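What follows is a set of notes on a single structure, which appears directly below.
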Amino acid sequence: FFYYRTKYIFLVVKYNYFLYNINNVFVEVNFLKKELAKIKLFQNLDKEALNELANIAKIKEYKKGDLLYSDREKIHTIYFVIEGVASLYKPNPDNTKKVVFLFGAGDVLNEVIIYENTTLLSCEFLAPTKLLEIDREDFVKVLEKSYLLAKGVIESLIYKNRVMSHQIKNTSNSITVDRQIALKLYKLARDFGIETDLGTEINFDLSITYLSEILGAKRETVSRQVKVLSELGLIKVVRKRFTIPNQNTLLDYFHGTYQN
């Protein structure tokens, strides 16, 4: 009797443990589906594709200043930003950087590795950041079955090429540094801004040095022109935090239609 009673208890415990694990998997998959819905690339996918992605995705958090990967590094993971700010840049021989992209919530960082698993840029975080991560080979398997996902990846790559073309145009010698700063801060306020009593605050620390690396201009020149824009009341800078009192006025300055 004792033997059968012990065996029965063991089976009950084992069954409850099985149910507990099944429930945990169900809860985790549902949670991942909600996180997937925050990524622009996944917002038009059908349920089947979303279910497959939820089963292969994982979440990881990073601190401000963490390096995710380096230029020309071989990696096997595709990264998507759930929250935070990621900077993609090309290291220069003199230890400075040429910042190419700043990505925030909803963006994919490195879909280019679908075609070749070697990175073209380095990636670091300008704020605490939460990423959704998917193994490259697993992602490609879903990609091969989902037209909408493949279409989204192509559109993302085209968009990034377009952004790079605009950057080349806007950093040309025909556009003065003060106007370059005005346009860049306008875009950062639009993409990363939070509303405050003083205007739209860019929601991460941005030093003059980093702003100069984004613009590809000398730090001393950027510092002088930031001071000019501050004196005009177009921007406010307090402890590496930029606030734009009126975004349209800053855009007018870039277009040359601003009147003091």
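Everything quoted here is computed from the prediction, not taken from an experiment.
Looking at Lys160 and Val108, their side chains come closer than 4.5 Å, going by heavy atoms from C-beta outward. Taking 4.5 Å as the limit, every side-chain heavy atom of Lys218 sits out of range of all side-chain heavy atoms of Ser212. Looking at heavy atoms from C-beta onward, Phe103 lies out of side-chain contact with Ser87 at the 4.5 angstrom threshold. Side-chain atoms of Ser207 and Lys240, non-hydrogen and from C-beta on, do get closer than 4.5 Å to each other. Contact annotation: the side chain of Leu206 approaches that of Leu188 to within less than 4.5 Å [non-hydrogen atoms, C-beta and beyond]. Taking the side chain as every heavy atom from C-beta outward, Val81 and Thr129 approach each other to under 4.5 Å.
Tyr147 and Leu53 end up in the same hydrophobic cluster when Ile, Leu, Val, Met, Phe, Trp and Tyr side chains are linked at under 4.5 Å. Taken together through direct or relayed side-chain contacts under 4.5 Å among Ile, Leu, Val, Met, Phe, Trp and Tyr, Leu232 and Leu251 form part of one hydrophobic cluster. One hydrophobic cluster, built from ILVMFWY side chains closer than 4.5 Å, holds both Val163 and Leu157. Residues Tyr115 and Met164 fall within the same hydrophobic cluster, defined by Ile, Leu, Val, Met, Phe, Trp and Tyr side chains chained together at heavy-atom separations under 4.5 Å. Under the 4.5 Å side-chain heavy-atom criterion for grouping Ile, Leu, Val, Met, Phe, Trp and Tyr, Leu211 is connected to Ile175 within one hydrophobic cluster.
The closest donor-acceptor contact from the side chain of Glu35 to the backbone of Leu32 lies at 3.5 Å or more, if one exists at all. The main-chain N or O of Ala217 is never found under 3.5 Å from a side-chain atom of Thr221 such that the two would form a donor-acceptor pair. One N or O on the side chain of Thr119 and one on the backbone of Glu73 form a donor-acceptor pair closer than 3.5 Å. Checked by atom type and distance alone, the side chain of Gln43 pairs as donor or acceptor with a backbone atom of Ala37 at under 3.5 Å. The backbone N or O of Asp71 sits less than 3.5 Å from a side-chain atom of Ser122, completing a donor-acceptor pair.
Summarising the geometry, atom CG belonging to Leu229 is positioned 6.0 Å from atom CG belonging to Leu234; distances are rounded to the nearest 0.5 Å. Distance check, rounded to the nearest 0.5 Å: NZ of Lys64 to CZ of Phe125 gives 14.0 Å. Going from atom CD1 of Ile235 over to atom OG of Ser230 covers 4.0 Å, rounded to the nearest 0.5 Å. Separating the CZ atom in Phe101 from the CD1 atom in Ile214 is a distance of 13.0 Å, to the nearest 0.5 Å. Note that CD1 of Ile202 is 10.5 Å distant from CD1 of Ile194, once rounded to the nearest 0.5 Å. In this structure, CG in Asn55 is found 11.0 Å from CG in Leu50, a value given to the nearest 0.5 Å.
Under the 4.0 Å criterion applied to side-chain N and carboxylate O atoms, Lys97 and Glu124 are assigned as salt-bridge partners. Ion pairing between Arg241 and Glu201 holds under the 4.0 Å rule for side-chain N and carboxylate O. With respect to the salt-bridge test (charged N to carboxylate O, under 4.0 angstrom), the residues Lys38 and Glu83 do not qualify. Checked for salt-bridge contact, Arg239 and Asp205 miss the test: no charged N lies under 4.0 Å from a carboxylate O.
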Begin from the C-alpha positions of Glu52 and Phe139 and carry the test side-chain contact (heavy atoms from CB on, under 4.5 Å) through to its verdict. CA-CA 9 Å; Glu52 289 190 59; Phe139 185 80; over 6 Å; no
The test is side-chain contact (heavy atoms from CB on, under 4.5 Å); show your working for Leu41 and Leu149 and say whether it passes. CA-CA 7 Å; Leu41 189 61; Leu149 183 56; 4.0 Å; yes
Candidate pair Glu111 and Ser156, rule side chain to side chain donor-acceptor pair (under 3.5 Å), full reasoning: CA-CA 8 Å; Glu111 69 275 39; Ser156 178; 2.4 Å; yes
Take Thr249 and Tyr258 through the test side-chain contact (heavy atoms from CB on, under 4.5 Å) and record every step on the way to the result. CA-CA 7 Å; Thr249 304; Tyr258 168 73; 3.5 Å; yes
Using the rule given for salt bridge (Lys or Arg N to Asp or Glu O under 4.0 Å), can you reason through Glu155 versus Lys151, listing the C-alpha separation, both sets of side-chain angles and the distance that settles it, and then say yes or no? CA-CA 6 Å; Glu155 289 174 347; Lys151 178 173 177 285; 2.7 Å; yes
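Taking both residues in full, the closest heavy atoms of Val142 and Ala49 are given as CG1-O, 4.3 Å, listed atom of the first, atom of the second, then distance. Closest approach of Ser146 and Leu45 over heavy atoms only: OG-CD2, 4.0 Å. Taking each heavy atom of Asp94 and Thr96 in turn, the nearest pair found is OD1-OG1, 2.5 Å. Scanning both residues, Asn110 and Tyr79, for their nearest heavy atoms gives OD1-N, 2.9 Å. In plain terms, the two heavy atoms of Cys123 and Leu88 that are nearest each other are SG-CD1, 3.7 Å. When all heavy atoms are compared, the tightest approach of Val112 to Leu120 is CG2-CD1, 4.2 Å.
If you look at Phe42 and Phe80, their ring centroids are closer than 6.0 Å. Between Phe192 and Phe204, the distance from one ring center to the other falls under 6.0 angstrom.
There is no side-chain donor-acceptor pair under 3.5 Å between Tyr69 and Thr77. Counted by atom type alone, Thr118 and Lys74 present one or more donor-acceptor pairs between their side chains at under 3.5 Å. Side-chain polar atoms of Asn51 and Lys33 form a donor-acceptor pair below 3.5 angstrom. If you check the side chains of Asp178 and Tyr253, you find a donor sitting under 3.5 Å from an acceptor.
Each of Thr200, Asn203, Leu185 was scored for a side-chain contact (heavy atoms from CB on, under 4.5 Å) with Phe242, with one residue passing: Leu185.
The local environment of NZ in Lys130 is crowded, with over 12 non-hydrogen atoms from other residues, nucleotides or ligands closer than 6.0 Å. Atom CG of Asp66 has more than 12 neighbouring heavy atoms from other residues, nucleotides or ligands inside a 6.0 Å radius. A 6.0 Å sphere centred on NZ of Lys90 holds more than 12 heavy atoms belonging to other residues, nucleotides or ligands.
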Would you tabulate the side-chain donor-acceptor contacts of residues 131-138 under 3.5 Å, counting partners in other chains and residues two or more places apart, or write 'none'?
from: Glu133; atom 1: OE2; to: Tyr62; atom 2: OH; distance (Å): 2.6
from: Asp135; atom 1: OD2; to: Glu137; atom 2: N; distance (Å): 3.0
from: Asp135; atom 1: OD2; to: Asp138; atom 2: N; distance (Å): 3.2
from: Arg136; atom 1: NE; to: Ile113; atom 2: O; distance (Å): 2.5
from: Arg136; atom 1: NH2; to: Ile114; atom 2: O; distance (Å): 3.3

